[in-house]
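Taking it in order: structure first as structure tokens, then the write-up.
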Amino acid sequence: MAKPRLILALLGLVGLAAAQCASPRSRPEIRSLSPDDRARFFRALNALRTNGELDRLSKLHVDNADTIHGHPVFLAFHRVFMSDFASALDKVDPGVPVPYWDWSLDASNPVTSDLFTDSYCGGNGSGDKNCVANGPFANWEMRVDNPHCLARKFNQGDSIAPFWPPEALLSMQNTCSQYGALSSGIENGCHGAVHLGISGDMSTMFAPNDPFFFLHHGMVDKLWYDWQLAQPDTRFQMYDNVNYADPAVSADDPIPGYPNMRVKDALDPRSNLCYVYIDSGSGAATKRLMQEVDRQSAAKAAPQQPLPPGPDAPPADAPPAASRQEGGDMPHGPQADGSIVDAPAGNSAAQLDALTSNVSQLSGDDEARASASAALHDQQVGFLKDVLLGGMSGNRGLDIASAFLHHRNRFLSRRAQAILRREQQHPEETKGLGLDQILSGLATGLLGKEGVVAHVLQGLGQVVEVLPQGLGKTLEAVGHIAEDVVGDVFDILKLPKVDLSKVPEEERRIPYVAEVPEWWYKNNNLNATYAAQLRAQVHDIIDGYNRIPGYISPAVAHYVAKKYADAS
């Protein structure tokens, strides 16, 4: 019976791929389902286990494991695989909801999530074989890859290591401009953290045995879908091999395990596969918080002096430059007669910015301009090392930047190469680049125009007294997040309000993401070095948010509302 079912499933997917969908079905976050709809979904899942469809899906995943993991088709395969799952559900209960799990909302302390209760998916395994003994999947007996109980074994004993928070996901989506960069970032980063956190069957290639697989990969697919929606005119057609070692790929390539499906059939789920996602609120809440960071930074910034237009002008999407510090009449920079007066001791944004301004306005004597530019350049180098790298623990920023220079299209490579080319082509002009432009360029190259560092750098010019102390102190000077904005986050997430003064400081902080074991990367054809670099970047992002006074992550809000709302 298994072979006819497989043929029918393939025919159903081919039919979807050939049709244009007039009314896409919505996929909601599982906690937004009514109790009746949630129970309906769980009954359909149990039917798939009984009729052998879950076995078929698990075996299909195992049989194609080597061709789907560690390759550009990773996201595309799992999108089709999820649609195969949805089609199987629909056959046993037409119209049954197909939810996803926004695990980023549970990032701070995953084990406290409702998903691990009896009302949802049950909890950790127990006994020598780590069998799931509570919830709707209790005592399930699985047949793939061999007969065994459905197993879970949380990676920290009775708890689960933190997942990627919404801020890290948003930064990754904003930074990646090509499909392959996003796919490899997800696969090497946030994807594995959930599989390894739950573990048991979830840490194997027959992970589809556990319904958590489908809830998790619904979220993975949604990350891709949200990234596509950000630039729908181009990204719903985008497919490439950036950040993978694979040879050239094409949207006409077949999907492994689905020979009648092509990658192009999976690129736009709104038409070919006929579904869309309903947002959980985590993205909206994160953006709301960052709007307030933007507002406070902009309030501190003064208008910047634009560079003359030309081929070497900063990119149009570069974040606003650091502003000038008002006041002070001390002499510095190149003088009217072309001589140079040293700036007072203590590198500051105001001093360097004033030097920059005067260098850009100096005219006539090329030798004097070159001398002033060289002096300024030396100060800027020291300043940037102290402020940007000195504030990052273990100088991870320098190590990552050096490593990324050698990898095509990874976060810093294009920015670094552009700076190197400019230095070779216009050495004197490069030395005279203003602090504004250097900071803006670095911010854009590191985290994109909406990244944490970009927001912070907007206000650097107004916080002279703390700059020499490193990036951590600089972040503290951005300002306090208004109480009403934090309240907005609770409203967006539909959470009860919490008196945050009752929440201990350690529980308000976003925790680091745990390291994934080496064997996971080997089993999934993944790049462990790249994954370690990603994790270090995420930790720097988390540090940045944790240093903004009054900031509360949507993940933290979700956790503290569950723990402290009744006590407020």
query = When you check the gap from the basic side-chain N to the acidic O, do D210 and R152 get nearer than 4.0 Å?
reply = yes
query = If you measure from CH2 on W227 to OG1 on T175, what distance do you get to the nearest 0.5 Å?
reply = 12.0 Å
Show me the side-chain donor-acceptor pairs of residues 181-197 shorter than 3.5 Å, one per line, residues at least two apart or across chains.
residue : atom : partner : partner atom : Å
S183    : OG   : Y244    : OH           : 2.8
S184    : OG   : G180    : O            : 2.9
S184    : OG   : A181    : O            : 3.2
S184    : OG   : N243    : ND2          : 3.3
E187    : OE1  : G70     : N            : 3.4
E187    : OE1  : Y244    : OH           : 3.2
E187    : OE2  : G70     : N            : 2.6
N188    : OD1  : N527    : N            : 3.3
N188    : ND2  : S184    : O            : 2.9
H191    : NE2  : H195    : NE2          : 3.2
H191    : NE2  : H217    : NE2          : 3.4
H195    : ND1  : M202    : O            : 2.8
H195    : NE2  : H217    : NE2          : 3.3

ask   = For A133, what residues pass the side chain to side chain contact (heavy atoms under 4.5 Å, CB included) criterion, not counting sequence neighbours?
value = S126
ask   = When you check the side-chain N and O atoms of N209 and W140, is any donor under 3.5 Å from an acceptor?
value = no
request  = May I ask you to say whether D55 pairs ionically with K59, meaning some side-chain N is under 4.0 Å from a carboxylate O?
outcome  = no
remark   = Here the gap from I68 atom CD1 to L75 atom CG, rounded to the nearest 0.5 Å, amounts to 11.5 Å
ask   = Does a side-chain N-to-carboxylate-O contact under 4.0 Å join D36 and R40?
value = no
ask   = Is a side-chain donor-acceptor pair under 3.5 Å present for N155 with S199?
value = no
inquiry  = Quick check on the 6.0 Å ring-centre criterion: do H78 and H61 meet it?
reply    = yes
ask   = Is the shortest side-chain N to carboxylate O distance from R235 to D226 below 4.0 Å?
value = no
query = Looking only at heavy atoms, which two atoms of T67 and V73 are closest? And how far apart?
reply = O-CG1, 3.5 Å
task = Just jot down the side-chain hydrogen bond (donor to acceptor under 3.5 Å, both in side chains) partners of R38, sequence neighbours excluded, or say none.
result = Y120
inquiry  = Before you tell me yes or no, could you show the steps for E167 and Y551 under side chain to side chain donor-acceptor pair (under 3.5 Å), namely the whole-Å CA-CA distance, both residues' side-chain angles and the distance that decides it to 0.1 Å?
reply    = CA-CA 12 Å; E167 295 85 352; Y551 185 88; 2.8 Å; yes
inquiry  = My understanding is that only residues two or more places apart in sequence, or in another chain, count here; which of them pass side-chain hydrogen bond (donor to acceptor under 3.5 Å, both in side chains) with Q173?
reply    = none
inquiry  = Measuring only between side-chain heavy atoms, which start at C-beta, is W103 closer than 4.5 Å to P110?
reply    = no
message = Return the CZ to CZ distance between F206 and F213, rounded to the nearest 0.5 Å.
response = 13.0 Å
request  = Report yes if the side chains of V263 and S250 come closer than 4.5 Å at any heavy-atom pair, otherwise no.
outcome  = no
ask   = Which atom names give the shortest non-hydrogen contact between P554 and S282, and what distance separates them?
value = CG-O, 4.1 Å
inquiry  = Can you tell me how far apart CG (L289) and OG (S553) are? Round to the nearest 0.5 Å.
reply    = 8.0 Å
message = List the residues meeting side-chain hydrogen bond (donor to acceptor under 3.5 Å, both in side chains) with Y100, not counting sequence neighbours, and say none if there are none.
response = none
key: Test item: side-chain donor near acceptor, H69 and N525, under 3.5 Å   = no
message = Using a 6.0 Å cut-off, check whether atom CG of D158 has over 12 heavy atoms from anything other than its own residue.
response = no
ask   = Does the side chain of N134 pick up a donor-acceptor pair with the side chain of D118 at under 3.5 Å?
value = yes
message = For R79, give me all partners under side-chain hydrogen bond (donor to acceptor under 3.5 Å, both in side chains), at least two apart in sequence or on another chain.
response = D221, Q228, Y275
Close side-chain approach of S104 to P166, heavy-atom, < 4.5 Å = yes
request  = Take D253 and R262, measure what salt bridge (charged side-chain N to carboxylate O under 4.0 Å, His left out) needs, and give me the verdict at the end.
outcome  = CA-CA 6 Å; D253 292 344; R262 297 289 183 264; over 6 Å; no
Close side-chain approach of N241 and Y179, heavy atoms under 4.5 Å = no
query = Is there a side-chain contact between D265 and V80 (heavy atoms, below 4.5 Å)?
reply = no
query = With a 4.5 Å heavy-atom cut-off, do Y564 and P504 have their side chains touching?
reply = yes
note = Residues L105 and R31: closest non-hydrogen pair is CB-NH2, 4.2 Å
ask   = Does C149 reach the side chain of N139, with side-chain heavy atoms less than 4.5 Å apart?
value = no
Separation between SG of C131 and CG of N124, rounded to the nearest 0.5 Å = 11.5 Å
request  = Taking only Lys NZ, Arg NE, NH1 and NH2, and the carboxylate oxygens of Asp or Glu, determine whether R56 and E53 approach each other closer than 4.0 Å.
outcome  = yes
Nearest heavy atoms of S280 and E29, plus distance in Å = CB-CG, 3.7 Å
inquiry  = Looking at every heavy atom in both L493 and A557, which two are closest together, and how far apart are they?
reply    = CD1-CB, 4.4 Å
inquiry  = Could you report the tightest heavy-atom contact between L60 and G257, atom names first, then the distance?
reply    = CD1-O, 4.2 Å
message = With a 4.5 Å cut-off on side-chain heavy atoms, are P72 and Y239 touching?
response = yes
key: Cationic N near anionic O, under 4.0 Å, K563 to E507   = yes
request  = Drop me the distance from R509's CZ to S108's OG, to the nearest 0.5 angstrom.
outcome  = 11.5 Å
ask   = Can you tell me if Y258 and D84 form a side-chain donor-acceptor pair at under 3.5 Å?
value = yes
Residue pair H216 / W101, side-chain donor-acceptor N/O under 3.5 Å = no
task = Any chance you could lay out the salt bridge (charged side-chain N to carboxylate O under 4.0 Å, His left out) test for K222 and D102, step after step, and finish with the verdict?
result = CA-CA 9 Å; K222 183 179 181 294; D102 185 351; 5.9 Å; no
